[in-house]
Amino acid sequence: MRRLFDFFCGMVFVELKGASPERFFNVCRSRQIPLYEIGTQVTEKGTIYVAKIKLKDYFRVRQAAKKAHCIPYIRKKVGMPFLMKKYRNRIAFFAGGVYCLWLMWLLSRFVWDVSVTGGFVHTEEELLSYLCENNVVCGMRCDEVDCTEIERKLRIDYPDIGWVSAELRGTKLFLRVAETDMPIMQKEENAPAHLVASSDGIVEHIVCRSGTPLVKEGDVVKKGDILVSGVVSVIGDNETLVNRYAVTAEADIVLRTVKKYFHSFERETEEREYTGKRKTGYTFFYGNKKIFSHMPSHSYTNYDIITEDAVLSLHEHYPLPLRMQKSTVSEYVPVVRDYTKEEAEGIANRALERYLRYLSENETTVLSVDTKTTVGKDTIVTEGKLVLLSAAWEQMTVQENEWRQQNSDEYSGNNDGTAGGA
């Protein structure tokens, strides 16, 4: 802080030459003239004294030096007064610098970016649109942003959002959400249902939680066979059927199945050979408004356009509403060629790996892979068999006639309601 104060006041570094420098120091002390960083330097001409003095005290020092028969030579001048004197003919430059700083301070008082993270069901575009409807938009004043009110409204209007955090850092508003009701990947049936095999296979594992299991581990089943029945029978004494009722069958079932794999693609491919000719254009935006654009014309028949965005930012959390967009147009010539045998086999193997990875991500275990790739003149074909362990079952609705019993008349004993007897 003291150095900053000295810089604005101005400091002078002096070198004392004379017969009595010690008397000069005593005179300065008696007249209460502060000296700083007093030191000595040994030269060819002898020992000299140096000191630092404030600009406002320099003229007083001259009187003290005259009394002590010393001469204070100025070595160096440091501080704002000397800079202003040096650049007094460049007032417009300093005014522009001050105006730039003021403009940056002014722009830092507004929100220029909104970041939304954590949404799954509710996308970023949906939540940004909701904020816009509630007057939370880019360009609003930072002191008008009420993070607590934003959190409260989001929890009221979106009951499936269990946690929300709104935080303003600099000129950027961060909105983080956490949803409690994640989407159900598999449709759940509330109606009574059987569990039936969705493909041929062998039962590797079965644990029934609801319903009547009709198969056991090691049984061979075909597509459409009922694995767990949704009809539950109530058996009384002497193995007598008392009642039947329907439930939604639930079980953990793993089937070993054999799946046919087939993938083909054309051997001929079209590639892009770039000629090296390109043109670059620039577009400048203030907020969402385009203020300048330069897009050079071109006569390319086939071309790519690559666009890069750059946002002016004072800091990670202080983006400004100035954005530049750079667009590069590159010409290319389409070239048709055939895959080599090695390239074709590599593409086929990568396609198989992607499919196996997809099965693994969907809780399917691959036991063995037996495929063959044939590279023909026009087409590359990969086919074979995959042995899988998966939950290869689906639900089938229980029909009412499968479980509902027809009750007889308890007085006559006849089903048609007529009186009994001869």
Side-chain angles (χ1 to χ4, degrees), residues 1 4-5 7-8 80 92-185 280-295 305-328:
M1 183 60 70
L4 184 63
F5 180 76
F7 176 80
F8 280 101
M80 182 62 69
F93 173 78
F94 288 99
V98 173
Y99 176 75
C100 182
L101 293 175
W102 174 83
L103 184 61
M104 289 187 176
W105 172 84
L106 179 64
L107 292 176
S108 68
R109 309 303 297 173
F110 296 86
V111 177
W112 298 116
D113 191 16
V114 180
S115 172
V116 179
T117 57
F120 187 86
V121 175
H122 305 292
T123 62
E124 180 180 357
E125 291 76 12
E126 179 186 355
L127 294 178
L128 287 176
S129 177
Y130 172 81
L131 292 176
C132 185
E133 293 174 358
N134 287 271
N135 299 322
V136 180
V137 294
C138 292
M140 66 182 301
R141 292 176 57 90
C142 291
D143 53 10
E144 295 177 355
V145 178
D146 190 345
C147 294
T148 304
E149 183 66 15
I150 294 174
E151 296 171 356
R152 187 186 68 83
K153 287 185 176 181
L154 274 171
R155 284 194 296 266
I156 294 175
D157 296 337
Y158 293 91
D160 56 340
I161 294 181
W163 175 84
V164 58
S165 171
E167 181 182 7
L168 182 62
R169 295 184 186 176
T171 60
K172 191 170 185 179
L173 176 63
F174 292 86
L175 184 66
R176 304 178 183 88
V177 299
E179 298 164 347
T180 55
D181 296 335
M182 300 302 291
I184 300 172
M185 303 307 294
T280 304
Y282 296 91
T283 305
F284 295 90
F285 296 87
Y286 178 78
N288 294 324
K289 295 182 179 180
K290 185 186 298 184
I291 58 176
F292 175 77
S293 179
H294 169 66
M295 291 299 296
I305 300 179
I306 299 176
T307 302
E308 302 177 27
D309 275 355
V311 179
L312 179 63
S313 178
L314 301 178
H315 186 264
E316 179 184 0
H317 304 313
Y318 280 86
L320 297 178
L322 300 177
R323 178 167 59 94
M324 184 188 74
Q325 190 176 84
K326 176 183 176 182
S327 300
T328 304

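Fair warning: this is a prediction, and the values are worked out from it, not measured in the lab.
Using a distance-only test at 3.5 Å, with no hydrogens or angles considered, a donor-acceptor pair links the side chain of Thr171 to the main chain of Pro319.
To the nearest 0.5 Å, atom CG of residue Asn134 and atom CG of residue Asp146 are 12.0 Å apart. The NE2 atom of His294 sits 10.5 Å away from atom CZ of Phe284, with the distance rounded to the nearest 0.5 Å. The CG atom of Leu127 sits 12.0 Å away from the CD1 atom of Ile150 when rounded to the nearest 0.5 Å.
Listed by first and then second residue, the salt bridge (charged side-chain N to carboxylate O under 4.0 Å, His left out) pairs that reach into residues 92-105 come to none, sequence neighbours excluded. Among residue pairs with one or both ends in residues 133-156, none qualify as ring pair (Phe, Tyr, Trp, His ring centres under 6.0 Å); sequence neighbours excluded.
Here Arg141 pairs with Asp143 under the salt bridge (Lys or Arg N to Asp or Glu O under 4.0 Å) rule; sequence neighbours left out. For Phe93, the side chain to side chain contact (heavy atoms under 4.5 Å, CB included) partners at least two apart in sequence or on another chain are Arg90. Listed by chain and residue number, Tyr130 satisfy the side-chain hydrogen bond (donor to acceptor under 3.5 Å, both in side chains) test with Asp157 (two or more places apart in sequence, or in another chain). Under the rule for a side chain to side chain contact (heavy atoms under 4.5 Å, CB included), the partners of Ser129 that lie at least two apart in sequence or sit in another chain are Glu133. When the salt bridge (Lys or Arg N to Asp or Glu O under 4.0 Å) test is applied to Glu167, the partners found at least two apart in sequence or on another chain are Arg169, Arg176. With sequence neighbours excluded, the residues that form a side chain to side chain contact (heavy atoms under 4.5 Å, CB included) with Cys147 are Val145, Ala166, Leu168, Leu173. Partners of Gln325 according to the side chain to side chain contact (heavy atoms under 4.5 Å, CB included) rule, which considers only residues two or more places apart in sequence or in another chain, are Thr283, Phe285, Thr307, Asp309, Arg323, Ser327. Residues satisfying the salt bridge (Lys or Arg N to Asp or Glu O under 4.0 Å) criterion with Arg152, sequence neighbours excluded, are Glu149. Applying the side-chain hydrogen bond (donor to acceptor under 3.5 Å, both in side chains) rule to Tyr158 yields no partners; only residues at least two apart in sequence or on another chain are considered.
Around CD1 of Ile306, the count of heavy atoms belonging to other residues, nucleotides or ligands within 6.0 Å does not exceed 12.
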Side chains of residues 111-126: which donor-acceptor pairs under 3.5 Å do they make with residues two or more places apart or in other chains?
residue	atom	partner	partner atom	Å
Trp112	NE1	Leu107	O	2.7
His122	ND1	Glu126	OE1	3.4
His122	ND1	Glu126	OE2	3.1
His122	NE2	Asp160	OD1	3.1
His122	NE2	Asp160	OD2	2.8
Thr123	OG1	Glu126	N	3.3

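Nearest approach of Gly170 to Cys142, heavy atoms of both residues: O-SG, 3.8 Å. Heavy atoms only, all atoms of each residue included: Gly281 and Met295 are closest at CA-SD, 3.9 Å.
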Exercise for review: Would you please test Asn135 and Met140 for side-chain contact (heavy atoms from CB on, under 4.5 Å) and show each step?
Suggested key: CA-CA 8 Å; Asn135 299 322; Met140 66 182 301; over 6 Å; no
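Looking at Val177 and Trp163, their side chains never come closer than 4.5 Å, going by heavy atoms from C-beta outward.
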